[in-house]
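These notes are about the structure you will find just below.
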Amino acid sequence: MALQSLDILRRSATTTPSPGVRQTTEVAKLIDVSKCIGCKACQSACMEWNDIRDEIGSNAGIYDNPRDLSADSWTVMRFSEVEVEKDKLEWLIRKDGCMHCADPGCLKACPAPGAIIQYSNGIVDFHEENCIGCGYCIAGCPFNVPRISKKDNKAYKCTLCSDRVGVGMEPACIKSCPTGALVFGTKEDMIQHAEERIVDLKERGFSNAGLYDPQGVGGTHVMYVLHHADQPELYHGLPKDPSISPMVTLWKGITKPLMSLGIGLGVLVGFFHYIKVGPNEVEEESESEQQ
Amino acid sequence: MSNKTNLVARYSASERINHWLVAITFVMLAFSGLALFHPAFFFLTNLFGGGSWTRILHPFIGVVMFVSFLGLIAKFIGQNHITKADLEWQKHLGDIMANKAKNLPEIGKYNIGQKYLFWSLVVIIPLLMLSGFIIWRPYFALYFPVDIIRVAVLVHAVAAFLAIMTIIVHVYAAIWTKGSIRAMTRGTVTTAWARHHHPAWYKEISRENKL
């Protein structure tokens with residue numbers, strides 16, 4: 001959460017414009033998977049800056065630790081052992097966390113006004129004090145990112161260090177990366193930087209190297225340079241062409257105004273029917289007939 | 001009830017209590033559910049103590065309604081089989097709605113509109129219970145894959161809409177047909193009401209001397 005308030009692009013469950021006179025530059029985090037050594041410094045930096053500590057888990061026999069994102073772990077390294085070419089083992093390491101979609105499914109699904117905010121710089125932020133714990137954001141997210149805390153039933157995820165970015169600093173994870181696999185800047189600059197990296201990777205034999213900035217969610221403000229951009233699924237199931245599920249689009253799209261209108265019309269039709277034909281009464285005669 | 005008061009018993013005390021349990025929980029569910037469905041209705045969360053309380057209470061109220069509704073099914077299912085007379089009666093629906101109906105076939109305790117209400121809810125309420133169970137946080141949703149949850153939220157919203165529309169018709173029918181509401185508040189209707197609206201039922205209870 002940050003104290004920015006004049007640069008809101010979208011606010012959950014809000015039907016009128018939010019304060020948005022201040023237009024900020026679109027930012028992005030670029031994760032160059034080909035440079036990542038899986039040291040998890042970014043995980044530590046994330047914990048430290050945000051001052052949250054996950055429970056100490058147990059060793060599951062693989063490098064993934066913690067095993068999954070949680071309300072207390074907003075970014076985790078995902079380790080995948082793959083053979084893209086036969087007998088040529090590749091160890092793919094992907095830093096997982098919120099992608100900060102331009103078209104955020106979580107925000108679309110959220111029923112609590114102001115619990116999810118999208119700033120004009122592209123950051124999608126949860127404001128937990130407005131969160132009601134329904135978990136709709138989880139249904140809305142195409143990347144399986146938000147987690148509900150067992151302690152307070154609020155949803156948490158990476159904020160892209162909106163509090164740091166708001167005062168001109170880069171996110172904590174970027175600061176800690178020893179190999180330069182993580183870089184942060186304007187989205188434009190990051191795309192340009194990625195292109196240079198992709199040229200380099202292609203020269204080194206990764207002919208399918210490319211940028212992961214999926215357009216199905218309007219592009220993201222966390223992007224990947226992948227050596228196998230044609231098969232993002234290799235990287236611990238990174239979706240190839242993510243988009244908001246049609247179920248969620250239906251649920252949070254046309255049905256909302258249509259059903260609300262239907263209910264209002266139903267009541268009005270009843271009222272005017274009464275006004276037109278009057279009540280359905282049993283005549284007095286038949287009452288007395290009985291006597 | 002006796003002839004001298006001109007009243008006929010229609011619902012027992014347990015039927016009335018059961019009906020109103022379902023009715024009260026239904027209204028609470030509609031309000032709290034709409035609050036989480038469209039921002040225009042979010043203010044209704046104030047009736048339940050805020051957004052989080054609305055989220056917490058809604059499913060528990062839902063379980064109370066579901067269980068109460070099972071009681072209503074058991075009590076009313078016997079009288080809700082659709083008959084030939086009902087289908088004949090349905091053909092006169094336009095006239096009935098215009099208050100111009102004449103020579104209607106004699107129908108029993110419920111007309112076909114009431115039977116449609118019954119069967120609609122018999123389908124919709126279990127559907128709401130099932131889909132609601134799947135999306136119930138923090139207790140049960142975590143056991144279901146996200147694809148199932150996405151189907152469940154949509155099913156829940158559409159089913160709830162249909163239930164609300166059905167109940168709007170039900171409430172209006174009760175207001176429009178004068179003398180009906182007392183059946184559920186006092187348990188009795190006038191003999192004239194019974195003979196006019198449900199002649200076959202009236203004959204049956206007359207025969208059985210239940211007046």
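Lettering of chains follows the sequences in order, A, B, ..., and the numbering in each one begins at 1. Below, all heavy atoms of this structure are taken into account, side chains as well, without hydrogens, waters or symmetry copies. What you see is a predicted model, and the numbers here were worked out from it, not measured in a lab.
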Item to check | N153(A) side chain near R55(B) side chain, heavy-atom distance below 4.5 Å | outcome: yes

Item to check | Atom group of I149(B) that falls short of 4.5 Å from chain A, counting heavy atoms | outcome: side chain

Item to check | Approximate separation, where rounding is to 0.5 Å, of S245(A) OG and D147(B) CG | outcome: 7.0 Å

Next on the checklist: Using only atom types and a distance under 3.5 Å, with no angle test, would you say the side chain of Y172(B) pairs donor to acceptor with the backbone of Y274(A)?
Outcome noted: yes

Item to check | Check: A139(A) main-chain N/O paired with R150(B) side-chain donor or acceptor under 3.5 Å | outcome: yes

Item to check | Engaged part of K276(A) at the chain B interface, taking heavy atoms whose separation is under 4.5 Å | outcome: neither

Checklist entry - Closest heavy-atom contact between P257(A) and H38(B)? => result N-CD2, 4.3 Å

Item to check | Proximity breakdown for H156(B) and chain A, heavy-atom pairs closer than 4.5 Å | outcome: neither

Checklist outcome for this item: Minimal heavy-atom distance between V277(A) and W176(B), with the atoms involved, is CG2-NE1, 3.8 Å

Checklist outcome for this item: Between S260(A) and F41(B), the two heavy atoms sitting closest are OG-CE1, 3.6 Å

Checklist entry - Is there any residue in residues 9-18 of chain A with a non-hydrogen atom under 4.5 Å from a non-hydrogen atom of chain B, and which ones are they? => result A13(A), T14(A), T15(A)

Item to check | CG-OH distance between L36(B) and Y136(A), expressed to the nearest 0.5 angstrom | outcome: 5.0 Å

Item to check | Members of residues 99-115 of chain A whose heavy atoms come closer than 4.5 Å to chain B | outcome: P111(A), A112(A), P113(A)

Item to check | Among K252(A), K150(A), K154(A), H273(A), residue most engaged with chain B (heavy-atom pairs, under 4.5 Å) | outcome: H273(A)

Checklist entry - Taking everything shown except F79(A) itself, do over 12 heavy atoms lie less than 6.0 Å from its CZ? => result yes

Item to check | Contact residues of residues 92-103 of chain B (partner chain A; heavy-atom separation under 4.5 angstrom) | outcome: M97(B), A98(B), N99(B)

Checklist entry - Above 12 or not: heavy atoms from other molecules or residues under 6.0 Å from NZ of K178(B)? => result yes

Next on the checklist: Would I263(A) and I168(B) count as a side chain to side chain contact (heavy atoms under 4.5 Å, CB included) here? Give the steps.
Outcome noted: CA-CA 8 Å; I263(A) 291 169; I168(B) 288 174; 3.9 Å; yes

Item to check | Which atoms of V248(A) approach chain B - backbone, side chain, both or neither, heavy atom under 4.5 Å | outcome: side chain

Item to check | Minimum side-chain heavy-atom gap W53(B)-I132(A) below 4.5 Å | outcome: no

Checklist entry - Can you say whether V158(B) sits under 4.5 Å from chain A via the side chain, the backbone, both, or neither, judging by heavy atoms? => result both

Checklist entry - So what's closer than 4.5 Å to chain B heavy atoms on I138(A): side chain, backbone, both or neither? => result both

Next on the checklist: Quick check on A141(B) against chain A: is it the side chain, the backbone, both or neither that has a heavy atom closer than 4.5 Å?
Outcome noted: neither

Item to check | Taking every non-hydrogen atom, the tightest pair across H196(B) and N280(A) | outcome: NE2-OD1, 4.4 Å

Item to check | I56(A) atom CD1: more than 12 heavy-atom contacts under 6.0 Å | outcome: no

Checklist entry - Considering residues at least two apart in sequence or located in another chain, which fulfil the side chain to side chain donor-acceptor pair (under 3.5 Å) criterion with E88(B)? => result K91(B)

Item to check | chain B contacts, top residue of T255(A), N144(A), I148(A), N130(A) (heavy-atom pairs, under 4.5 Å) | outcome: T255(A)

Item to check | Heavy-atom pairs under 4.5 Å with chain A, option from I175(B), V146(B), I56(B), V153(B) with the top count | outcome: V153(B)

Checklist entry - Which region of F37(B), side chain (C-beta onward) or backbone (N, CA, C, O), has a non-hydrogen atom less than 4.5 Å from a non-hydrogen atom of chain A, or is it both or neither? => result both

Checklist entry - What heavy-atom pair brings W193(B) and V282(A) nearest, and what distance separates the two atoms? => result CA-CG2, 3.7 Å

